[in-house]
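What follows is a set of notes on a single structure, which appears directly below.
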Amino acid sequence: MGTPKQQLVLVMLALHGGRVVTTDALVDELWPEQPPRSAVANVRTYAGNLRRAFERQNGPTIVRLPGGYRIDLTDE
């Protein structure tokens, strides 16, 4: 599912399935030391790539919300 950082976004969302994970929390997890200036844009890209990949496969839905993202997991 993409780069290691994109995979980490997926893991973070899955661990909090059904709940919002803030963009700040994702940035902190991806770059614990010093986030790049492009950190928020990169998180948006990773989440968008995951959302599109899941849409093509009829997988879980990733929703962008004010301040973060949520993955809607099914029992499957």
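Count residues from 1 along the sequence.
In this structure N42 satisfies the side chain to side chain contact (heavy atoms under 4.5 Å, CB included) test together with W31, P36, S38, Y46, sequence neighbours excluded. Every side chain to side chain contact (heavy atoms under 4.5 Å, CB included) that A25 has, sequence neighbours left out, goes to V21, T22. Legend: residues meeting salt bridge (Lys or Arg N to Asp or Glu O under 4.0 Å) with R70, ordered by chain and number and at least two apart, are D72. Residues meeting the side chain to side chain contact (heavy atoms under 4.5 Å, CB included) test with R37, sequence neighbours left out: none.
To the nearest 0.5 Å, the span separating CZ on F54 from OG1 on T61 amounts to 9.5 Å. One distance of note links CG of D28 with OG1 of T23; it measures 11.0 Å at 0.5 Å rounding.
Connection of L50 to V20 is not established within any shared hydrophobic cluster, with ILVMFWY side chains joined at heavy-atom distances below 4.5 Å, either directly or through further cluster members. Linking ILVMFWY side-chain heavy atoms closer than 4.5 Å, directly or via other members, places V63 and I71 in two distinct hydrophobic clusters.
Here the shortest heavy-atom pairing between L73 and G17 reads CD1-CA, 4.1 Å.
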Can you give each donor-acceptor pair under 3.5 Å made by side-chain atoms of residues 4-16, sequence neighbours left out, with the distance rounded to 0.1 Å?
unit_1: K5; atom_1: NZ; unit_2: L30; atom_2: O; d: 3.0
unit_1: Q6; atom_1: OE1; unit_2: N49; atom_2: ND2; d: 3.3
unit_1: Q6; atom_1: NE2; unit_2: M1; atom_2: O; d: 3.1
unit_1: Q7; atom_1: NE2; unit_2: G2; atom_2: O; d: 2.8
unit_1: H16; atom_1: ND1; unit_2: M12; atom_2: O; d: 2.8

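L26 places a side-chain heavy atom less than 4.5 Å from the side chain of Y69.
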